[in-house]
Amino acid sequence: MPAVQQMLTRTGRSVFATAALVAVVAALASLYTSSGGASRESLIAEMLTNFIFVLGMQVFIGNTGVLSFGHMAFAQIAAYATAVVAIPLAAKVKALPDIPFGLDTVHFGAFGATAFAIAITLVVGAVFGIAVCRASGLAPTMITLAALFVVEQVVKNWSELTRGAGGLSGIPRLQGNGWLWVGAGIALVVAHLFQETRIGRFAIATREDELAAPALGIRLFTARYAAWIVSIGLIALGSSLRAQSLGSVNPKQFTLDQGILLLVMLVVGGMRSISGAVLGTVLITAGTELFRQLGDPQRLDIERFPDLFLGGTMLLVMLLRPGGLLGDRDLAGWLRRRMYRRPTAEPVTASPGTAVLKASEIEVHFGGFIALDGAGLAVRPGEVVGLIGPNGAGKTTLFNVITGLVREQGGRVLLGDDELTHSNPVQVARAGLARTFQNLRVFKNLSTRENVALAALVSARHRPHRTRVDVDTLLDDVGLGEWADRQAGTLDYGNQRRLELARAAALAPDFLLLDEPTSGMSDQESLAMVNSVRTVAARIGAGVLVIDHDLGFITRISDHIVVLNEGRVLAEGTPAEVRANPQVAEAYLGSSA
């Protein structure tokens with residue numbers, strides 16, 4: 001029942017946010033068209049289809065952070081798919097006498113043509129999406145751009161299906177803007193709901209940090225591919241409605257310039273915010289029309305005046321508000337925070353597991369450099385093991401091997417009976433190892449609670465056998481309860497370190513792996529971190545493997561210490577035994593004493 005209630009709450013919140021945004025835009029549109037003619041109605045129709053396009057782009061670009069210049073390619077596919085099944089048969093025979101695939105006998109009404117266009121576009125988009133979402137760096141953007149050029153040439157040259165550069169006309173036109181308003185409402189609800197879903201929140205995590213997200217068990221490809229599919233579906237909806245609103249389709253409607261215009265709308269309003277996408281669409285559509293009229297020969301007689309407006313607006317926004325006019329502010333997000341009620345579940349303390357984490361005979365070579373030469377360690381359930389050594393000893397490399405970030409050339413990593421050798425970070429996290437990073441990797445644009453809740457979502461699906469601790473309880477344990485709704489990037493350094501700890505703990509792991517958790521902290525903050533680590537580890541029943549240069553911190557927190565030097569284990573034992581070892585003193589402290 002709680003899951004059903006949560007679903008109803010999310011849906012209700014999305015519908016309410018959509019209704020509020022549509023009501024505001026509708027009021028502005030009514031005010032604008034009350035003293036004008038058909039041209040003003042046409043501008044509203046253009047704005048509404050722009051809404052759907054921009055929201056479609058927001059679902060992918062805004063949630064994943066992957067820039068796309070090629071969404072207009074799929075808009076073009078949808079528009080032509082609509083045309084070839086919506087044009088009456090008699091007119092189709094004249095315009096496309098050699099149309100293939102038996103389409104000369106196919107005719108759908110408005111609803112059927114829209115559904116057909118969305119289906120065809122999703123099939124094509126799904127194929128392209130595999131390449132887009134598997135690539136990294138600049139490659140995804142270039143793949144989308146290539147898709148635009150390829151589709152444009154196919155449309156212009158496949159005259160039997162598209163009638164070439166001349167386009168197609170005779171599509172039965174929608175009467176009025178009613179269906180466009182419905183389409184805009186659907187797009188808003190879908191965009192809101194996607195951000196509320198588990199996979200949508202995972203997509204946002206991949207946007208925030210491509211390294212930290214897999215370390216929490218989030219697959220980059222899966223989350224981004226889901227965002228891509230939803231995005232393409234909305235683009236197809238908007239394009240089909242535009243084709244039926246205009247009654248014709250032409251390649252000039254789907255150029256790179258048009259795609260950039262829509263991207264400007266998204267960026268100006270704030271690409272991470274659905275409310276920002278709506279605001280940007282209204283402002284840019286209205287501003288472009290205003291400057292078009294001002295640039296007419298009867299007035300200022302300035303060529304391409306709208307381009308000047310677009311360029312100037314983008315320049316001002318990038319200089320003054322790089323995150324867009326609304327930044328991360330969003331009506332649905334505000335509602336989510338206002339409606340949040342802390343669960344009444346009783347705090348729990350989990351018992352330690354039974355699996356032992358063991359890395360043995362690990363070898364890692366970077367070219368001719370030997371980073372690890374037979375290193376290994378073991379961490380028993382509920383135990384705190386410190387890993388120390390001079391700079392370059394191989395501590396972080398061993399951490400990265402255990403957590404799947406670095407591929408070993410020899411040795412094994414085991415978690416109980418589970419073989420983790422050669423596993424990737426997602427598999428390692430889901431198996432029961434959660435880590436923090438030497439360099440802070442919190443999701444800065446998300447709230448403190450949202451950071452931890454993302455890991456809790458993974459544990460609910462992939463760690464059901466472990467006792468899971470409430471998100472707010474974990475935040476209280478690390479002293480962040482009062483900052484739960486605060487944006488993580490605005491926390492001070494020490495609190496961001498504690499947030500990383502709470503987020504890792506929310507994964508319900510068997511072991512916490514902490515990479516220099518007190519780096520950059522004062523002595524007082526280090527003492528507080530000792531208490532936080534022990535409290536959280538006891539709460540979730542996890543063992544701890546920790547790297548740190550602060551010997552005071554390591555000796556206070558560790559039950560057992562392993563010393564690395566030049567890629568090998570130099571010594572290990574209790575803190576007292578390690579302190580008394582002369583080899584450790586010589587290697588670590590640079591002393592023969």
Side-chain angles (χ1 to χ4, degrees), residues 211-220 352-366 369-389 392-438 441 455 458-459 462-463 465-466 500 504-505 507-517 537 540-548 558-572:
L211 190 60
L216 292 178
I218 297 172
R219 294 190 186 279
L220 294 179
T354 59
V356 175
L357 172 62
K358 186 175 182 180
S360 57
E361 300 297 324
I362 304 297
E363 295 184 7
V364 175
H365 305 161
F366 297 118
F369 174 69
I370 301 175
L372 292 175
D373 187 13
L377 53 78
V379 188
R380 293 181 293 275
E383 183 182 35
V384 179
V385 173
L387 182 61
I388 64 173
K395 303 182 299 297
T396 296
T397 301
L398 181 57
F399 242 52
N400 289 340
V401 167
I402 294 172
T403 55
L405 286 175
V406 170
R407 181 64 61 88
E408 64 271 33
Q409 281 79 50
R412 299 179 72 191
V413 178
L414 296 172
L415 178 57
D417 295 329
D418 294 334
E419 181 81 49
L420 298 184
T421 312
H422 304 318
S423 296
N424 62 44
V426 173
Q427 295 167 330
V428 169
R430 293 179 179 181
L433 304 185
R435 69 165 296 169
T436 65
F437 291 86
Q438 183 176 351
R441 289 192 175 275
V458 178
S459 67
H462 299 285
R463 309 281 301 155
H465 58 285
R466 291 281 290 172
E500 264 201 316
L507 197 58
D510 293 300
F511 293 93
L512 287 167
L513 283 74
L514 312 178
D515 194 349
E516 300 197 18
I540 64 174
V544 179
L545 175 61
V546 56
I547 295 174
D548 211 287
S558 300
D559 304 313
H560 188 85
I561 294 177
V562 176
V563 184
L564 283 187
N565 186 40
E566 296 181 352
R568 297 180 180 181
V569 174
L570 178 65
E572 62 178 304

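No experiment lies behind these values; they were computed from the predicted model shown.
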Quiz item: Please, which pairs that meet salt bridge (charged side-chain N to carboxylate O under 4.0 Å, His left out) have at least one residue in residues 395-406, sequence neighbours excluded?
Solution: none
Self-check item: Counterpart residues, side-chain contact (heavy atoms from CB on, under 4.5 Å), relative to Glu361 (two or more places apart)
Solution: none
Quiz item: Can you list the residues that meet the side-chain contact (heavy atoms from CB on, under 4.5 Å) rule with Arg380, with sequence neighbours excluded?
Solution: Val356, Glu383
Quiz item: Does some side-chain heavy atom of Val385 sit less than 4.5 Å from a side-chain heavy atom of Ser558?
Solution: no
Quiz item: What are the two closest heavy atoms between Val562 and Gly376, and how far apart are they?
Solution: CG1-O, 4.3 Å
Quiz item: Would a 4.5 Å heavy-atom cut-off, applied to side chains only, mark Pro381 and Asp510 as touching?
Solution: no
Self-check item: Residues in side-chain hydrogen bond (donor to acceptor under 3.5 Å, both in side chains) contact with Glu363, at least two apart in sequence or another chain
Solution: none
Quiz prompt | Criterion side-chain contact (heavy atoms from CB on, under 4.5 Å) on Ile388 and Ile547, from CA distance to verdict | solution = CA-CA 6 Å; Ile388 64 173; Ile547 295 174; over 6 Å; no
Practice problem: Return the minimal non-hydrogen interatomic distance between Pro509 and Ala542, and the atom names on each side. | Solution: O-CB, 3.7 Å
Donor-acceptor contacts, no H, no angles, side chain residues 422-430, under 3.5 Å, sequence neighbours left out:
{"residue": "Ser423", "atom": "OG", "partner": "Leu420", "partner atom": "O", "Å": "3.1"}
{"residue": "Asn424", "atom": "OD1", "partner": "Val426", "partner atom": "N", "Å": "3.1"}
{"residue": "Asn424", "atom": "OD1", "partner": "Gln427", "partner atom": "N", "Å": "2.8"}
{"residue": "Gln427", "atom": "OE1", "partner": "Asn424", "partner atom": "N", "Å": "3.0"}
{"residue": "Arg430", "atom": "NE", "partner": "Gly217", "partner atom": "O", "Å": "3.0"}
{"residue": "Arg430", "atom": "NE", "partner": "His462", "partner atom": "NE2", "Å": "3.4"}
{"residue": "Arg430", "atom": "NH2", "partner": "Gly217", "partner atom": "O", "Å": "3.0"}

Quiz item: Would a 4.5 Å heavy-atom cut-off, applied to side chains only, mark Glu572 and Val563 as touching?
Solution: no
Exercise. Mind checking the CG-CG spacing from Leu513 to Leu545? Nearest 0.5 Å is all I need.
Key: 4.5 Å
Exercise. Before giving the answer on side-chain contact (heavy atoms from CB on, under 4.5 Å), spell out for Leu414 and Glu419 the whole-Å C-alpha distance, their side-chain angles and the decisive distance to 0.1 Å.
Key: CA-CA 5 Å; Leu414 296 172; Glu419 181 81 49; 3.5 Å; yes
Quiz prompt | Rounded distance [0.5 Å steps], CG in Leu507 versus CG in Leu512 | solution = 9.0 Å
Quiz item: Taking the side chain as C-beta and beyond, is there a heavy-atom pair between Leu570 and Leu564 under 4.5 Å?
Solution: no
Quiz item: Any idea which heavy atoms bring Ala375 and Gly567 closest together, and the distance?
Solution: CB-O, 3.4 Å
Quiz prompt | Any residue meeting side-chain hydrogen bond (donor to acceptor under 3.5 Å, both in side chains) with Arg407, in chain and number order, not counting sequence neighbours | solution = none
Quiz item: Can you list the residues that meet the side-chain hydrogen bond (donor to acceptor under 3.5 Å, both in side chains) rule with Asn400, with sequence neighbours excluded?
Solution: Arg435
Self-check item: Results of side-chain contact (heavy atoms from CB on, under 4.5 Å) for Leu211 - residues two or more places apart only
Solution: Asp209, Leu405, Phe437, Arg441
Quiz item: Is there a donor-acceptor pair under 3.5 Å between the side chain of Thr436 and the backbone N or O of Asp515?
Solution: yes
Quiz item: Of all residues at least two apart in sequence or in a different chain, which pass the side-chain contact (heavy atoms from CB on, under 4.5 Å) check with Val364?
Solution: Ile362, Phe366, Ala371, Leu372, Thr397, Val401, Val406, Glu408, Gln409
Quiz prompt | side-chain hydrogen bond (donor to acceptor under 3.5 Å, both in side chains) partners for Asp418, two or more places apart | solution = none
Quiz item: Measuring from Ile402:CD1 to Thr421:OG1, what's the distance to the nearest 0.5 Å?
Solution: 10.5 Å
Practice problem: Answer yes or no: is there a side-chain heavy-atom contact under 4.5 Å between Leu387 and Leu377? | Solution: yes
